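Input: a single structure, listed below in structure tokens.
Each chain gets a letter, A, B and so on, in the order the sequences are listed, and its residues count up from 1. All values derive from a computational prediction rather than experimental measurement.
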Amino acid sequence: MAALALIGKIGEHDGKEVELRGWLYNKRSSGRIHFLELRDGTGFIQCVVVKGEVPDEDFEAAGKLTQESSLRLTGIVRADARAKGGYEITVKSVMPFQVAQDYPITPKEHGIDFLMDNRHLWIRHKRQHALLSIRHEVIAAAQQYLNDNGFLRVDAPILTPAACEGTTTLFETEYFEEKAYLSQSGQLYNEADAMAFGKVYCFGPTFRAEKSKTRRHLIEFWMLEPEMAWCDQEENQRVQEELVSYIVAKVLEKRRAELAVIERDVTKLEDIKPPFPRLSYDDAIDILKGAGRDISWGDDFGAPDETLISERFTRPVFVTNYPTSMKAFYMQPEPGRPEVVKCADMLAPEGYGEIIGGSERIWDPALMEERMRQHNLSEEAYGWYMQLRKFGTVPHSGFGIGIERTVAWITGSEHIREMIPFPRLLYRLRP
RNA sequence: UCCUCGAUAGCUCAGCGGUAGAGCAACCGGCUGUUAACCGGUGGGUCGCAGGUUCGAAUCCUGCUCGGGGAGCCA
């Protein structure tokens with residue numbers, strides 16, 4: 001009796017007869033021999049059906065299989081130098097489950113609009129399969145690192161009564177008799193959690209109702225946000241560079257095959273180790289001016305600016321001490337330089353730009369009250385947040401890492417929309 | 001929201017004032033090592049929508065709709 005096997009671990013069955021269950025990815029045929037390329041969710045493998053070596057009705061059934069038909073088959077696992085994954089299946093029997101009709105994504109090239117309309121099917125294909133497998137590894141590694149380093153996962157609510165940072169536009173929804181908004185960050189709740197548990201993180205989707213239309217924006221994206229009590233900005237950055245290095249190392253360790261499928265230059269990833277270079281906002285402005293950009297102190301970086309800076313480094317770079325005026329109300333001012341705050345954005349190399357934003361938070365109740373007045377934040381909405389500065393306030397810091405941007409960088413992808421199973425983009429809500 | 005490019009067969013595109021084309025997919029046939037397999041054949045179209053110019057519009061003009069790329073904002 002043939003043992004049930006997974007393509008991803010087919011090497012464990014070398015020389016043995018196995019049963020595979022999956023879908024037909026592609027078929028090539030030459031009269032007396034069919035090459036069935038089978039996928040089962042864990043991998044892809046070529047199954048060879050030779051006339052005379054299987055029952056005649058099985059050979060005929062194999063010839064009638066169409067792209068994405070579902071089937072089971074049995075055969076002998078055989079190491080073969082001609083095979084892409086190193087193994088092939090010499091088929092003994094073929095059992096079609098359903099012969100698919102007119103599968104839309106054919107083996108030739110397609111436009112992005114068509115592929116996005118067929119996203120529910122596109123995720124079956126090799127490149128998408130590799131990208132989403134790497135996404136899984138990024139998330140798993142990030143949580144592993146935090147769990148191993150004393151962080152507790154304490155998630156933040158998705159439905160919130162008010163903005164966390166005030167600047168970006170929020171999705172509004174009904175909450176019985178009042179208005180609620182979809183979370184754009186778990187930051188403020190994280191600070192409460194850090195005062196309760198010390199080191200915490202939250203992980204979940206966040207929503208920005210910005211009408212952004214670029215290769216690095218999603219309307220709905222996933223963010224991992226650690227927050228640490230008794231932590232200053234230097235320690236905060238140390239955690240960030242260790243976390244990112246750990247993620248990259250885990251992807252290199254566990255997803256070599258997927259990196260090969262998408263033809264990623266892994267030598268660029270093998271150099272990702274702490275420490276990461278630090279660059280002050282002041283110096284970054286000088287570099288941009290030197291490169292001929294029309295920018296002056298106090299301006300935010302545009303996408304071309306971030307690209308220009310990150311292209312100059314082979315590792316992710318921290319840009320530190322941004323002007324107070326362009327950052328969130330809760331950031332701690334730099335001692336002796338109130339015009340800048342203790343913060344850093346981490347820009348991924350190769351031109352990818354920002355993947356992390358982090359800062360030390362204001363702990364002083366008087367300063368926090370002043371900032372909340374300046375930003376017109378109401379006592380009603382932010383009273384609970386203010387209490388964190390009254391009942392045992394401590395220095396604390398944290399950051400948020402954008403999962404899809406991180407995956408885009410690690411996979412060397414052009415566009416962020418393929419880094420999430422079902423992207424929500426400007427003017428695209430389906431499927 | 002702004003700038004810019006585009007919409008022709010199921011898909012990717014060519015055709016750019018004179019009767020609608022190719023490759024792939026589908027269907028039929030051939031091929032014992034293919035791997036975006038290949039070779040022969042068949043079917044397949046309200047040229048995004050609405051107006052206009054013209055003897056004649058897929059082709060030129062205007063508006064609309066939908067999409068790509070870029071900007072701003074951000075992770």
Side-chain angles (χ1 to χ4, degrees), chain A residues 25-38 44-53 59 63-64 66-68 80-85 88 90 99-118 121-122 125-127 164-169 184-187 205-225 240 299-307 322 326-328 345-348 352-358 399-409 414-417 419-420 425-428:
Chain A
Y25 191 70
N26 198 4
K27 180 182 72 183
R28 294 166 288 277
S29 181
S30 55
R32 303 179 68 82
I33 183 165
H34 298 307
F35 300 96
L36 307 181
E37 194 176 358
L38 191 75
F44 300 77
I45 196 166
Q46 176 160 281
C47 306
V48 186
V49 190
V50 179
K51 194 174 173 75
E53 292 184 20
F59 185 83
K64 290 198 166 119
T66 55
Q67 200 186 355
E68 288 305 317
D80 191 315
R82 291 170 296 188
K84 281 191 170 159
E88 279 191 350
T90 301
V99 176
Q101 298 297 321
D102 298 322
Y103 182 73
I105 307 177
T106 59
K108 286 279 178 176
E109 74 271 28
H110 300 280
I112 190 65
D113 188 38
F114 175 78
L115 290 170
M116 278 300 175
D117 284 345
N118 289 284
L121 303 174
W122 191 23
H125 292 245
K126 280 183 183 170
R127 180 177 163 81
C164 278
E165 298 179 19
T167 51
T168 43
T169 320
Q184 61 170 347
S185 165
Q187 152 89 53
T206 49
F207 307 87
R208 305 275 166 98
E210 287 286 335
K211 294 202 167 180
S212 299
K213 192 170 173 290
T214 81
R215 67 183 60 194
R216 54 227 287 185
H217 285 85
L218 290 166
I219 302 299
E220 177 183 307
F221 67 98
W222 286 65
M223 187 156 66
L224 184 79
E225 295 176 275
Q240 291 171 41
D299 292 342
D300 205 350
F301 301 139
D305 301 316
E306 276 189 13
T307 298
Y322 282 79
M326 56 187 257
K327 285 292 181 181
D345 284 354
M346 186 192 289
L347 309 187
Y352 277 91
E354 185 177 5
I355 55 171
I356 287 180
F399 62 96
I401 176 168
I403 295 301
E404 289 77 18
R405 283 190 180 179
T406 303
V407 176
W409 159 52
E414 275 288 299
H415 204 296
I416 198 170
R417 65 188 156 210
M419 307 302 122
I420 187 167
L425 300 159
L426 185 59
Y427 307 131
R428 182 174 288 282

Rounded to whole angstrom, note down the [atom1] distance from [N] over to [M].
{"N": "rC47(B)", "M": "rC3(B)", "atom1": "P", "answer": "31 Å"}
{"N": "rU8(B)", "M": "rC49(B)", "atom1": "P", "answer": "10 Å"}
{"N": "rC28(B)", "M": "rU34(B)", "atom1": "P", "answer": "25 Å"}
{"N": "rU62(B)", "M": "rG43(B)", "atom1": "C1'", "answer": "39 Å"}
{"N": "rG63(B)", "M": "rA20(B)", "atom1": "P", "answer": "28 Å"}
{"N": "rA9(B)", "M": "rU46(B)", "atom1": "P", "answer": "9 Å"}
{"N": "rA36(B)", "M": "rG23(B)", "atom1": "C1'", "answer": "12 Å"}
{"N": "rU12(B)", "M": "rG41(B)", "atom1": "C1'", "answer": "23 Å"}

Give [X] one of three labels, base, sugar-phosphate or nothing, depending on what nucleic acid heavy atoms sit under 4.0 Å from its own.
{"X": "F221(A)", "result": "base"}
{"X": "I403(A)", "result": "nothing"}
{"X": "R417(A)", "result": "sugar-phosphate"}
{"X": "E414(A)", "result": "nothing"}
{"X": "H415(A)", "result": "sugar-phosphate"}
{"X": "K51(A)", "result": "nothing"}
{"X": "G353(A)", "result": "nothing"}
{"X": "D345(A)", "result": "nothing"}
{"X": "T214(A)", "result": "base"}
{"X": "E88(A)", "result": "base"}
{"X": "E354(A)", "result": "sugar-phosphate"}
{"X": "T206(A)", "result": "nothing"}

Rounded to the nearest angstrom, tell me the gap between atom [atom1] in [X] and atom [atom2] in [N].
{"X": "I105(A)", "N": "rG10(B)", "atom1": "CD1", "atom2": "C1'", "answer": "12 Å"}
{"X": "K27(A)", "N": "rC38(B)", "atom1": "NZ", "atom2": "P", "answer": "14 Å"}
{"X": "D113(A)", "N": "rG67(B)", "atom1": "CG", "atom2": "P", "answer": "7 Å"}
{"X": "Q187(A)", "N": "rA75(B)", "atom1": "CD", "atom2": "P", "answer": "10 Å"}
{"X": "D299(A)", "N": "rG72(B)", "atom1": "CG", "atom2": "P", "answer": "11 Å"}
{"X": "I355(A)", "N": "rC74(B)", "atom1": "CD1", "atom2": "C1'", "answer": "14 Å"}
{"X": "F35(A)", "N": "rU32(B)", "atom1": "CZ", "atom2": "C1'", "answer": "8 Å"}
{"X": "I45(A)", "N": "rU34(B)", "atom1": "CD1", "atom2": "C1'", "answer": "15 Å"}

Kindly indicate whether the side chain of [X] and the base of [N] share any N or O donor-acceptor pair separated by less than 3.5 Å?
{"X": "H217(A)", "N": "rC74(B)", "result": "yes"}
{"X": "S212(A)", "N": "rC74(B)", "result": "no"}
{"X": "R28(A)", "N": "rC31(B)", "result": "no"}

Exercise for the section: Please list, chain by chain and in numerical order, all residues satisfying side chain to side chain contact (heavy atoms under 4.5 Å, CB included) with P304(A), sequence neighbours excluded. Expected result: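 With neighbours one apart ignored, the set is R293(A).
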Exercise for the section: Go through the structure and list residues passing side chain to side chain contact (heavy atoms under 4.5 Å, CB included) with R428(A), not counting sequence neighbours. Expected result: D113(A), M116(A), D117(A), L425(A)
Can you name the side-chain hydrogen bond (donor to acceptor under 3.5 Å, both in side chains) partners of [X], sequence neighbours left out?
{"X": "E109(A)", "answer": "none"}
{"X": "K126(A)", "answer": "E37(A)"}
{"X": "D299(A)", "answer": "S296(A)"}
{"X": "T307(A)", "answer": "none"}

Problem - R216(A) side chain near E354(A) side chain, heavy-atom distance below 4.5 Å - result: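 No, too far: nothing below the 4.5 Å cut-off.
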Heteroatom pairs (N/O) under 3.5 angstrom, protein to nucleotides 40-44 of chain B:
none

Problem - rA36(B) OP1/OP2 closer than 4.0 Å to side-chain N/O of N26(A) - result: no
Handout entry: Short side-chain donor-acceptor distance under 3.5 Å, T106(A) and Q67(A)
Key = no
Practice task
Measure up the F59(A) and H34(A) rings against each other and bin them: parallel (under 30°), tilted (30 to 60°), perpendicular (over 60°).
Solution key: parallel
Problem - With K27(A) via salt bridge (Lys or Arg N to Asp or Glu O under 4.0 Å) - residues at least two apart - result: none
Expected rows: protein N/O vs nucleotides 23-28 of chain B N/O, under 3.5 Å:
none

Practice task
Give, for atom NE2 of H217(A) and atom CD of E404(A), the distance between the pair rounded to the nearest 0.5 Å.
Solution key: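 Here the interatomic distance stands at 12.5 Å.
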